[in-house]
Amino acid sequence: MGATPRVVIVADVGSGNAEHVGDNAMFEANVAALTQRLPGLEVSLLARRPWRSAEIRVAELPALDFPRLDEASDGERRKLLELVSAAVRSGRFATLGRRAESVAALVAALSRADALVVSGGGNLNARWPEHLFERAAAVEVARRLGRPVAFLGQTLGPALAPDQRAVLGEALRSAAWVGVRELPSAALALALGVPEGRVDYQLDDACFLQPRPPEPDERRQLPDWGDGRWIALTFHPFCAPSDLACDRIGEQLGALASALGARLLFLPHEAADDAGRSDREVSHALVARLPRRVESWICPVLPARLVRWITAQACMVVSTRYHPLVFGLAAGVPCLGLWSDDYSRIKVQGALRHAGQSEWSCALEEGAAGALLARGLDLWQRRDVTSAHLAALHPGWRVREERRWRRLLAALGLSSSRATPSESSTGRAEPALEPRDSLLGADPQALALALLETLEEERAAAGAELERRRAELRWVVGTSTWKLRSRLLRLRPLLSAYRTLSRRRDGAR
């Protein structure tokens, strides 16, 4: 490492209409952690959207701009990846057309840098192939230049097309460090051939993001906290505003607030998704379903550190998104997570599992059917015990985080200015675990228990999916069309025999 430490970070961040609190939170937390340990650090950021922040200054690199899901096939994206690799080998970028400048800029930045860091996220799957292939391309450039690579705080898959699986596997295997947030992601990394010693099962990157109270001009966008109870709510656009599910969720939120004497704070985490839908849109739809006596407030999408601070003011968090749960657990606030598909289930349960709280989650469909209110009331009854449990976890989390960063920097060949042992809340130095005492960066006994819990949840999810398909089959079998088709199928042998006899009879004539 030179006199001035330099890293290139790939992250899915942005400001303004592209704001996404969770992605920004992970990036800010990683930059803060690196800067704290590597004074004078210079960061170059590769992202698809502009980054604007007075707190974190970066040199922006133009995105490699791989085609989105509906813009090209994986085969075409893979050919583009091969062109990037060939251009880096030859030093001639003209064959890349409009991408020549961005690839050349990345090569120049990585030539000066000490390492490439892929900041945390959940986009290495079939939904966002543009991110998967762009990260693979950046890893390929770093590999050609002899620069070490670290993936931090990733959710891998679960859905991957064959080309995506091959490309992601090659990128992960060439990395010096692969940090994952959930055990299914760790299992997938190992299945893709990543050596066990390079896989780290970690807390989310944003778990230790430093909260920031609101500035005077930001206070106008927030309610008067007073001494009331606030439930922090974040819902992604899980359905159309006119959908029946929205009615049912809204009714239960109103009943929960009434039963607890609480007010509802809607805290959006994404300004707009790829389809132009937003958390604020669904928040307004839910507020329209609330009884008039229930007080509510809808915030705009706010900076990540401020959202982390606001979450800590709540008495409970209810969310279909990942990072409201991370923020709530980090602040000692009881959390209830809802998921809508396999991808979000792995993330929601994964976030809660780090705190031993995965029982406080359910499918969104189940929540709409009445579980949201029932589970919310149950969680409220256990709030003191839950908060005390979370508070007791935090000192150990901090020791684990400090140990992780020491190992991570060593894997990248970077020396940290903070090589002293962490201290617990008692002030005593905590010894670092030796490699033989850890597995995937975690205590083996704790990891085994978490793995058993994960396997049980995966078995339950598979059973629920099987029962759903059986119910669909029972419905189909019960329809008049199916019954008529079945009768016709039973008649088919008779019709076949009749035709055979008819042909023989006609031949005899």
Side-chain angles (χ1 to χ4, degrees), residues 1-11 13 21-47 51 53-60 109 112-121 147-154 176-177 179 181 200 202-213 303-309 312 323 326-327 329-331 354 393-425 427-433 441:
M1 184 174 72
T4 301
R6 296 183 176 91
V7 297
V8 173
I9 299 182
V10 186
V13 297
V21 172
D23 291 329
N24 289 0
M26 290 180 285
F27 171 67
E28 291 188 40
N30 283 328
V31 172
L34 285 166
T35 303
Q36 186 179 27
R37 292 163 177 81
L38 302 171
L41 177 71
E42 294 182 1
V43 175
S44 297
L45 170 64
L46 176 64
W51 172 259
S53 170
E55 297 171 340
I56 295 180
R57 300 295 180 88
V58 299
E60 293 190 76
R112 297 189 300 270
D114 299 293
L116 171 69
V117 173
V118 182
S119 189
R147 300 298 184 265
V149 177
F151 285 82
L152 306 183
Q154 299 293 324
W177 185 275
R181 308 182 291 192
D200 181 61
Q202 63 163 94
L203 295 162
D204 181 76
D205 293 344
C207 186
F208 295 103
L209 180 71
Q210 187 66 32
R212 174 181 67 77
R305 290 178 57 205
L306 175 56
V307 174
R308 165 65 178 82
W309 182 89
H323 276 95
V326 171
F327 290 169
L329 296 172
H354 283 290
L393 290 174
H394 290 166
W397 282 358
R398 290 194 176 278
V399 171
R400 177 179 170 185
E401 181 74 354
E402 183 61 36
R403 182 172 63 243
R404 179 177 78 94
W405 275 104
R406 288 203 301 269
R407 293 172 56 236
L408 169 58
L409 292 179
L412 292 177
L414 299 173
S415 59
S416 171
S417 63
R418 295 188 57 198
T420 57
S422 295
E423 292 188 350
S424 69
S425 57
R428 295 191 297 269
E430 296 286 342
L433 285 180

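Numbering starts at 1 and runs along the sequence shown.
Nearest approach of L329 to W397, heavy atoms of both residues: O-CZ3, 4.2 Å. Here the closest non-hydrogen pair linking A206 and V326 is C-CG1, 4.2 Å. Among all heavy-atom pairs drawn from P5 and A3, the shortest one is CD-O, 3.6 Å. When every heavy atom of V118 is checked against every heavy atom of Q154, the shortest pair comes out as O-NE2, 3.5 Å. Nearest heavy-atom pair across A304 and E28 is CB-OE2, 4.1 Å. Taking both residues in full, the closest heavy atoms of W51 and I56 are given as NE1-O, 3.2 Å, listed atom of the first, atom of the second, then distance.
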Any chance you could lay out the side chain to side chain contact (heavy atoms under 4.5 Å, CB included) test for L34 and L409, step after step, and finish with the verdict? CA-CA 9 Å; L34 285 166; L409 292 179; 4.0 Å; yes
Side chain to side chain contact (heavy atoms under 4.5 Å, CB included), that's the test. Do V7 and L116 meet it? Break it down for me. CA-CA 6 Å; V7 297; L116 171 69; over 6 Å; no
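The line from CH2 of W177 to CG of D200 is 4.0 Å long, rounded to the nearest 0.5 Å. Considering OG of S119 and CG of L46, their distance stands at 12.0 Å, rounded to 0.5 Å. The distance from atom CG of L38 to atom CZ of R6, rounded to the nearest 0.5 Å, is 13.0 Å. Going from atom CG of L408 over to atom CG of L152 covers 5.5 Å, rounded to the nearest 0.5 Å. Considering CG of L414 and CG of D114, their distance stands at 5.5 Å, rounded to 0.5 Å.
For the side chain to side chain contact (heavy atoms under 4.5 Å, CB included) test, residues two or more places apart in sequence or in another chain that qualify with A330 are C207, R308. Applying the salt bridge (charged side-chain N to carboxylate O under 4.0 Å, His left out) test to R57 and every residue at least two apart in sequence or in another chain returns nothing. Under the rule for a salt bridge (charged side-chain N to carboxylate O under 4.0 Å, His left out), the partners of E55 that lie at least two apart in sequence or sit in another chain are R212, R305. Residues that satisfy the side chain to side chain contact (heavy atoms under 4.5 Å, CB included) test with R400, not counting sequence neighbours, are Y201, L203, H354, R403. Here D23 pairs with nothing under the salt bridge (charged side-chain N to carboxylate O under 4.0 Å, His left out) rule; sequence neighbours left out. Residues passing the side chain to side chain contact (heavy atoms under 4.5 Å, CB included) test with A109, sequence neighbours excluded: V8, S44, L61, R112. Listed by chain and residue number, nothing satisfies the ring-ring contact (aromatic ring centres under 6.0 Å, His included) test with F151 (two or more places apart in sequence, or in another chain). Contacts of E401 classified as side chain to side chain contact (heavy atoms under 4.5 Å, CB included), with partners at least two apart in sequence or in another chain: F208, R404, W405.
A salt bridge is defined here as a Lys NZ or Arg NE, NH1 or NH2 lying under 4.0 Å from an Asp or Glu carboxylate O, and D205 with R181 fails to meet this definition. We find that E402 and R37 are joined by a salt bridge, their nearest charged nitrogen and carboxylate oxygen being less than 4.0 Å apart.
Side chains of E42 and T4 form a contact here, defined as non-hydrogen atoms less than 4.5 Å apart.
Checked options N24, V31, N30; the residue passing with F27 is V31 (criterion: side chain to side chain contact (heavy atoms under 4.5 Å, CB included)).
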